[in-house]
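The next block holds one structure in the form of structure tokens; read it before the comments.
Chain naming here is simple, since letters A, B, ... match the order of the sequence lines and numbering starts at 1 in each.
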Protein chains: 2
Amino acid sequence: MLSEQIISELKSIVGKHNVTTEKADRICYSYDATQKSFLPDVVVHPGTAPEICDILKLANRERIPVFPRGAGSGFSGGSLPTRGGIVLCTERLDRILEIDEDNLIATVEPGVVTEQFQKEVEKRGLFYPPDPASLKFSTLGGNVAECAGGPRCVKYGVTKDFILGLEVVTPTGDIITTGGPTMKGVVGYDLTKLLCGSEGTLGIITRIVIKLLPLPEAKQTMLVLFDSIDGAAQAVSAIIRGKIIPTTLEFMDGRTIDCVRQATGLEVPEEARAVLIIEVDGDREFLDKQVARIAEIIRPLGVVETRVATTSEESEALWQIRRSVSASLRKVNPDKFNEDICVPRSKVPEMIRKVDAIAERHGVAIVNFGHAGDGNIHVNIMIDKKIPGELEKAEKAIEDVFKGALELGGTMSGEHGVGIAKAAYIPLEITPLAAEYMKSIKRALDPNNILNPGKIFLDEANPAGRGE
Amino acid sequence: MLSEQIISELKSIVGKHNVTTEKADRICYSYDATQKSFLPDVVVHPGTAPEICDILKLANRERIPVFPRGAGSGFSGGSLPTRGGIVLCTERLDRILEIDEDNLIATVEPGVVTEQFQKEVEKRGLFYPPDPASLKFSTLGGNVAECAGGPRCVKYGVTKDFILGLEVVTPTGDIITTGGPTMKGVVGYDLTKLLCGSEGTLGIITRIVIKLLPLPEAKQTMLVLFDSIDGAAQAVSAIIRGKIIPTTLEFMDGRTIDCVRQATGLEVPEEARAVLIIEVDGDREFLDKQVARIAEIIRPLGVVETRVATTSEESEALWQIRRSVSASLRKVNPDKFNEDICVPRSKVPEMIRKVDAIAERHGVAIVNFGHAGDGNIHVNIMIDKKIPGELEKAEKAIEDVFKGALELGGTMSGEHGVGIAKAAYIPLEITPLAAEYMKSIKRALDPNNILNPGKIFLDEANPAGRGE
């Protein structure tokens, strides 16, 4: 526990109403979407960057770990206070500071909720594409720290691709700015991109300069049922070879369809063993042609049925099927591990076959869905933790899934990050020399290992990645 | 000079034919496009990454600076051997290792020439957009090290946006890989993006994994003459507000037109004081509509004349005007400093007015052209060095141009980098705390300051950025 003296110093930095040591409050900030929980000693809610500087200077002086936190919606434990210490919430920094319509640039604070920001820019005919599943509550600061993705990234790229500049408090408590409101810039190292996806270990983001696009005039959604996962995967490659990069290219495998059918009564033909949801956007009059061309390209690949939405309500209904997946899976199996491996697009069928073999070998149910267009597969290992031995089986299956993805030139994570969930597996993907290159950067910038310690890389104080 | 022993060790690493100490040869590797020249002690041409490791280990042991070099076409002195030592050329590493048409990914060695690579991928219906002016001889390794841009970056982004992964020899002589052939990946720090644009100071690139796009079916080029630079600049904003992001949005100011007219006899009406070259690409049948829409958007903004190319020969003729700029300027004034500031797009007219005032204040001719679509202006200060006092005037004007760009939220360099040309000006743009954050990274990764020392940041051994 932290001393009264330190709590009192924190109160004098951020105001007493913005510091809490009540257990009930601390519990609220103890977990994220991994459902793991670690109790912090104190939760602070700074309102400005200089306050964050003072907190970090105090933390360095007293060697107290600081765990930055947005909405706590991450899937890898990136915000979890695995060693107690200070949870530093950015939720009070929640202003949209500027939406510059001439330059298609916005400046925001990190606590702005993703969807709220998207709505504000869309009102002005502008567009912020990254759309992580948690966008209704995730914050832009968290999105940047984790480099969030989403279905629309096939066409538009991930969060990083839209971040032009940052204001950041360094691990030692100084304010720096990186990048800025220009489309190009090559003066000094690209700290902006280094900080994106650095999972809160190299600095605390206090301001974000975001690139926007013109909002596409219209979109059109189609749902295509295939008789095999191979057909669906070939369709993905064929569409892109056909020079069309759709906005989204989401897929679900046969088991996912079964779960959704079981949970929601969805009516799809028995022979449908894979689904693609394909959305295109752009000029209204151009979309019909694109949809027709896509239909033509995929026709020989085992299409069972194609449903094209002609209204936004119909489109919403098609997406509802995709959105019901997580809840449906939980209904069928109470516990699931949602991994998000990514492989080169053409390797998706091979990866699915590997996953099927892994499921059989370990005797666990695994369903796959996700962003086929960029090879980013959400591999869901479904178990009931209450049944003895199930958890161990799942852990073995996860390791095999990671190894399988890496064998195909892939990565363990396309968008969720490492956090503590994958820290133990880092040596599978990153060689000791490359890890040392990364750790040298961390040590140089955070000599006391104050900021989000034990994330991405295990350290002495947290050798298993599971906290104290 | 290096000892016989060291030269002999270098020969045993790369083979004696790949080491040269002849003065005539060393002179060939002493300069770049800045036309500054520094003589290296030795030039080595390694053929593999392990050879580069051995060279760097030797250099660390003996504390010899190593200056990596692609084609030496940079505009900021990034490859210049300012302290003698070893010039390490990557030109023998010139293989295109793979063009993966299913995944739209290529793997190349750093010595591949940019245009050669573009032609190879275009043969397969694929597309690598970054198009620096030097693409006929620049290498992809150099493009990555400097994060090269070009006209097409308005729509497609800069080099960094197409680099998925790297193989790199670290400053201490180890091989690491970063990123990989997936569209997404968030495992560990994004070293790929950190290394892009790090100007050869954090590692030597030995392999590059590149993201490709489908080649657009067609393009259409239009050249529009405006009666004022303000009209042209407003046109840029208006087009983008009109939800069209053209492939290129190049501009030339009135003085540039005058120079081209004087040098090439180009026929344009007297009242033309600015030119935009606008190119759109995509589906053939869609382009006419886009061109018509652009014409409609810009009509009220002082258009003197619009020329639309209907054949590729006509398009080539329009581009020829833009390409003749550099030669035309040199014909009018023998010496020029080509700076490449970047400001938020809407600030281009204000920046041009600032530049005009600076030109008048210092009594030097300055012409502006460049990539208006992303606010990246090539500010050319034109003097005759043989006239006493001209060089000093130019240097004062350059500093004022940088300050002017920074006042408007801009940067000193959109695509050329810092190298030694702008190292002395770094404190104008980067605060001491941010510079320290960057330098900490450099020190951590290159403890002996062996790799491209004195670039980006001046150091003790090269305090003026001008070499010994």
Does the side chain of A:Tyr425 come within less than 4.5 Å of B:Val187's, by heavy atoms? no
Please flag which part of A:Pro171 lies under 4.5 Å from any non-hydrogen atom of chain B: side chain, backbone, both or neither. side chain
Is B:Leu202 close to chain A through its backbone or its side chain, or both, or neither, when contacts mean heavy atoms under 4.5 Å? both
Pairing residues for B:Ser76 by the side-chain contact (heavy atoms from CB on, under 4.5 Å) criterion, not counting sequence neighbours: B:Glu146, B:Ala421
Counting heavy-atom pairs closer than 4.5 Å to chain A, which one of B:Ile426, B:Thr431, B:Val343, B:Leu215 comes out on top? B:Leu215
Side chain from CB out, backbone as N, CA, C, O: work out which of these in A:His416 comes under 4.5 Å of a heavy atom of chain B, or both, or neither. backbone
One option among A:Asn103, A:Ile430, A:Asp340, A:Leu126 has the most heavy-atom pairs under 4.5 Å with chain B, and it is A:Asn103
Proximity breakdown for B:Glu199 and chain A, heavy-atom pairs closer than 4.5 Å: side chain
Using non-hydrogen atoms only, which part of A:Glu429 is less than 4.5 Å away from chain B: side chain, backbone, both, or neither? side chain
Got a salt bridge between B:Asp283 and A:Arg293, using NZ or NE/NH1/NH2 to carboxylate O under 4.0 Å? yes
Is the side chain of A:Lys184 donor-acceptor paired with the backbone N or O of B:Gly149 at a distance under 3.5 Å, no angle test? no
Answer key: most heavy-atom pairs under 4.5 Å with chain B among A:Glu436, A:Glu101, A:Lys160 is A:Lys160
Give, as side chain, backbone, both or neither, the part of A:Ile240 having an atom under 4.5 angstrom from any heavy atom of chain B. both
Tell me, for A:Val158 versus chain B, whether the close heavy atoms (under 4.5 Å) come from the side chain, the backbone, both or neither. side chain
Comparing B:Gly188, B:Gly197, B:Gly180, B:Cys147 against chain A, the one with the most heavy-atom pairs below 4.5 Å turns out to be B:Gly188
Max heavy-atom pairs within cutoff under 4.5 Å with chain B, candidates A:Ala444, A:Cys342, A:Pro216, A:Ser440, goes to A:Cys342
Between B:Ile341 and chain A, with a heavy-atom cut-off of 4.5 Å, which part of the residue counts as in contact: side chain, backbone, both or neither? neither
Looking only at heavy atoms, the pair that brings A:Ile176 and B:Leu433 closest together is CG2-C, 3.7 Å
Most heavy-atom pairs under 4.5 angstrom with chain B, which of A:Ser413, A:Gly375, A:Gly242, A:Ser198? A:Ser413
Could you go through A:Thr411 and B:Val186, starting from their C-alpha distance and side-chain angles, then the distance that decides it, and tell me whether this counts as side-chain contact (heavy atoms from CB on, under 4.5 Å)? CA-CA 8 Å; A:Thr411 171; B:Val186 286; over 6 Å; no
Does the plane of the ring in B:Phe457 sit parallel, tilted or perpendicular to the ring in A:Tyr189? Use 30° and 60° as the thresholds. perpendicular
Note, A:Met438 side chain near B:Leu191 side chain (heavy atom, < 4.5 Å): yes
Heavy atoms only, distances under 4.5 angstrom: which of B:Met183, B:Lys347, B:Lys243 has the most pairs with chain A? Name it, please. B:Lys243
If you apply the rule salt bridge (Lys or Arg N to Asp or Glu O under 4.0 Å), what do you find for A:Lys193 with B:Asp190, and how did you get there? CA-CA 7 Å; A:Lys193 305 282 187 202; B:Asp190 191 341; over 6 Å; no
Contacting region of B:Lys289 [heavy-atom separation from chain A under 4.5 Å]: side chain
Residue pairs, two or more places apart or on separate chains, that pass side chain to side chain donor-acceptor pair (under 3.5 Å) and touch residues 171-183 of chain B: B:Thr170-B:Thr172, B:Thr178-B:Thr192
Among the options A:Ile244, A:Leu195, A:Leu104, A:Asp161, pick out the one with the most heavy-atom pairs lying under 4.5 Å from chain B. A:Leu104
Given that the side chain runs from C-beta out, which part of A:Ile456 has a heavy atom under 4.5 Å from chain B: side chain, backbone, both or neither? side chain
Side chains of B:Arg345 and A:Ile105 in contact at under 4.5 Å (non-hydrogen atoms): no
Where is the tightest heavy-atom contact between B:Pro181 and A:Pro344, given as atom of each residue plus distance? O-CG, 3.4 Å
We want to know whether B:Asp102 and A:Ser237 form a side-chain donor-acceptor pair, criterion being a heavy-atom distance below 3.5 angstrom. no
